[in-house]
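Notes for the one structure printed next.
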Amino acid sequence: MDKIKMTTPIVEMDGDEMTRILWKMIKENLLEPFIDLKTEYYDLGLEKRNETNDQVTVDSALATKKYGVAVKCATITPNAARVEEYDLKDMWKSPNGTIRAILDGTVFRAPIVVKGIEPCVKNWKKPITIARHAYGDVYKNAEMKIPGAGKVELVYTAQDGTQTKELIHEFDSPGIVQGMHNVCGSIESFARSCFNYALDTKQTLWFATKDTISKKYDHTFKDIFQEIFEKEYKEKFDQAGIEYFYTLIDDAVARVMKSEGGYIWACKNYDGDVMSDMISSAFGSLAMMTSVLVSPEGVYEYEAAHGTVQRHYYKHLKGEETSTNSVATIFAWTGALRKRGELDKNQELMDFANRLEKATIDTIESGYMTKDLALITTMEHPTVLSSEGFIKEIAKRL
């Protein structure tokens, strides 16, 4: 059989622990037998990040800007225990955070819906996509423990030296304080990425914050979204038959619970972090979520939304059998291959991505699945497969 040819490479970002093992299995069993795979490879495993002082992460993001499409394996964001375990020079930052900042991107996460894995919310019929702003707020905060009585202020010093002050609190006892920021340019990029993705997927877009309480911070987000929509996107949305609207975050939560799904819900950074976990858990599993970082210029980075599955990796190292769900990682590859095919007008590559997704869903719907899905499926007597067994079962159908 002639392998499917690629004209432009995909940027490939390898990762850590059990997901790194799955990555290799997916390539060997599901991709390389069928595609003449062209990738620009970057090893984002923690050892290589440590060895290069995290330069490899920066290089992979710059390569993504160059080629337009990347696929990323799950990676470790080190804490104190990992610094010791891996003998790290530094507590390196989250690779996802670094890549998001360089691409100025927005993260879109949506559940992969299969028969037999029913949502906890009974009226959800279609996927709900969470669009998460990926810059600033609590993730780039400054914090301070207040030891005792005293005054805390926000101080802005302009370039000419003039100052504007805002009292935060007069403390009469110990406490804590936190300062957050965002920049209008990043919020504008977030808005445009959301509007473009809504048009791309033909879905209605919601945006929700708490501007009634946060009359300057959250209200700025609301105003920027509305202004860009009115100026640049309203006509396009009307033509596509979709809508954009703003609502308060508490109203959005109430509406989400009663909806059928099938829309994009845009959230600020922290809200998106929390709500994407709620959506994924209610639909079944974080291992059944697609995740794509989209820049306003139309650069795409596909990834698995979950972690590196550390517990399974330690079992794997002992030679014990694991049953790790590889669906999100497979769909990261199919998303990247489909987008590469779309940009290069390579129909064969797009068709292959669709077939691999269908083979994966058909495998689960035929009752063959990993242990995490077997525990929540409504099917009777599912066949529980090992990590490799599940991938090989998909290969049979493919």
Original post:
Just wondering, are more than 12 heavy atoms of other shown residues or ligands nearer than 6.0 Å to CG in Asp2?
Top reply: no
Original post:
Listed by chain and number, what are the salt bridge (Lys or Arg N to Asp or Glu O under 4.0 Å) partners of Asp43, not counting sequence neighbours?
Top reply: Arg20
Original post:
Hey, does the side chain of Thr52 reach the backbone of Val56 with a donor-acceptor pair shorter than 3.5 angstrom?
Top reply: yes
Original post:
Any side-chain heavy atom of Tyr300 sitting closer than 4.5 Å to one from Ile10?
Top reply: no
Original post:
Are any side-chain N or O atoms of Ser193 and backbone N or O atoms of Val294, one a donor and one an acceptor, separated by less than 3.5 Å?
Top reply: yes
Can I get a per-line list of side-chain donor-acceptor pairs under 3.5 Å for residues 172-181, giving both atom names and the distance, sequence neighbours left out?
residue: Gln178; atom: NE2; partner: Glu143; partner atom: OE2; Å: 3.3
residue: His181; atom: NE2; partner: Tyr135; partner atom: OH; Å: 2.8

Original post:
Does a side-chain heavy-atom distance below 4.5 Å link Met275 with Trp265?
Top reply: yes
Original post:
Glu40: what forms a salt bridge (Lys or Arg N to Asp or Glu O under 4.0 Å) with it, not counting sequence neighbours?
Top reply: none
Subject >> Polar side-chain atom of Thr377 near backbone of Ala374 as donor-acceptor pair, under 3.5 Å >> reply: no
Original post:
Quick check: are there more than 12 heavy atoms from other residues, nucleotides or ligands sitting under 6.0 Å from CD of Glu380?
Top reply: no
**OP:** Could you walk me through whether Glu301 and Thr64 pass side chain to side chain donor-acceptor pair (under 3.5 Å), step by step?
**Re:** CA-CA 7 Å; Glu301 183 246 314; Thr64 305; over 6 Å; no
Subject >> Intermediate values then yes/no, side chain to side chain contact (heavy atoms under 4.5 Å, CB included), Leu373 and Met288 >> reply: CA-CA 9 Å; Leu373 297 182; Met288 298 292 286; 3.9 Å; yes
Original post:
Is it true that a side-chain atom of Asp36 and a backbone atom of Lys3 form a donor plus acceptor pair closer than 3.5 Å?
Top reply: no
Original post:
Is it the case that more than 12 heavy atoms not belonging to Lys48 sit under 6.0 Å from its NZ atom?
Top reply: no
Subject >> Ser291 vs Arg109, side chain to side chain contact (heavy atoms under 4.5 Å, CB included): CA-CA, chis, key distance, verdict >> reply: CA-CA 4 Å; Ser291 183; Arg109 287 186 175 166; 3.1 Å; yes
**OP:** For the pair Thr290 (side chain) and Ala110 (backbone), establish whether a donor and an acceptor sit closer than 3.5 Å, ignoring hydrogens and angles.
**Re:** yes
Original post:
Are any non-hydrogen side-chain atoms of Thr106 and Cys194 less than 4.5 angstrom apart?
Top reply: yes
Original post:
Hey, are the side chains of Asn53 and Trp92 touching, using non-hydrogen atoms and a 4.5 Å cut-off?
Top reply: yes
**OP:** Take Asp251 and Arg255 through the side chain to side chain contact (heavy atoms under 4.5 Å, CB included) test and state the conclusion after the steps.
**Re:** CA-CA 6 Å; Asp251 176 51; Arg255 291 172 79 154; 3.3 Å; yes
**OP:** With sequence neighbours excluded, give me every ring pair (Phe, Tyr, Trp, His ring centres under 6.0 Å) pair touching residues 105-134.
**Re:** Phe108-Tyr197, Trp124-Phe283, His133-Phe190, His133-Phe221
Original post:
Is there a donor in the side chain of Asp137 and an acceptor in the side chain of Tyr217, or the other way round, less than 3.5 Å apart?
Top reply: yes
Original post:
Should Arg397 and Asp362 be marked as a salt bridge (charged side-chain N to carboxylate O under 4.0 Å, His left out) after you check the CA-CA gap, both sets of side-chain angles, and the distance that decides it?
Top reply: CA-CA 8 Å; Arg397 283 172 171 74; Asp362 285 353; 6.0 Å; no
Original post:
Just checking, any donor-acceptor pair under 3.5 angstrom between side chains of Asp160 and Thr162?
Top reply: yes
Subject >> Side-chain heavy atoms of Tyr42 within contact of Asp59, under 4.5 Å >> reply: yes
Original post:
Under the criterion salt bridge (Lys or Arg N to Asp or Glu O under 4.0 Å), which of Asp273, Asp218, Asp211 is the partner of Lys268?
Top reply: Asp218
Original post:
Do the charged groups of Glu232 and Arg192 touch, with an N to O distance under 4.0 Å?
Top reply: yes
Original post:
If you count the non-hydrogen atoms of other residues, nucleotides and ligands that lie under 6.0 Å from OH in Tyr263, is the total more than 12?
Top reply: yes
**OP:** Check whether any side-chain N or O of Ser94 sits under 3.5 Å from a backbone N or O of Asn96 as a donor-acceptor pair, and report yes or no.
**Re:** yes
Subject >> Ionic contact status for Lys339 with Asp200, cut-off 4.0 Å >> reply: yes
Subject >> side chain to side chain contact (heavy atoms under 4.5 Å, CB included) evaluation trace for Glu188 with Glu227 >> reply: CA-CA 10 Å; Glu188 287 162 11; Glu227 194 178 317; over 6 Å; no
Original post:
Under 4.5 Å between any side-chain heavy atoms of Thr334 and Tyr302, yes or no?
Top reply: no
Original post:
Hey, does the side chain of Ser387 reach the backbone of Thr322 with a donor-acceptor pair shorter than 3.5 angstrom?
Top reply: yes
**OP:** Would you please indicate if the ring centroids of Tyr244 and Tyr233 are separated by under 6.0 Å?
**Re:** no
Subject >> Which residues share a side chain to side chain donor-acceptor pair (under 3.5 Å) with Gln203, sequence neighbours left out >> reply: Thr201
Exercise answer: donor-acceptor pairs, residues 236-243 side-chain atoms, under 3.5 Å, sequence neighbours excluded:
residue: Asp238; atom: OD2; partner: Lys234; partner atom: NZ; Å: 3.4

Original post:
Checking Ser386 side chain against Gly389 main chain: does a donor-acceptor pair fall under 3.5 Å?
Top reply: yes
Original post:
Tell me, do Ile361 and Phe331 make a side-chain contact under 4.5 Å, heavy atoms counted?
Top reply: yes
Original post:
Considering only heavy atoms from C-beta outward, does the side chain of Val327 approach that of Phe390 to under 4.5 Å?
Top reply: yes
**OP:** Using atom types as modelled and distance alone, determine if a side-chain donor or acceptor of Asp14 lies under 3.5 Å from a backbone N or O of Cys73.
**Re:** no
Original post:
Are the side chain of Lys210 and the backbone N or O of Ile249 linked by a donor-acceptor pair below 3.5 Å?
Top reply: no
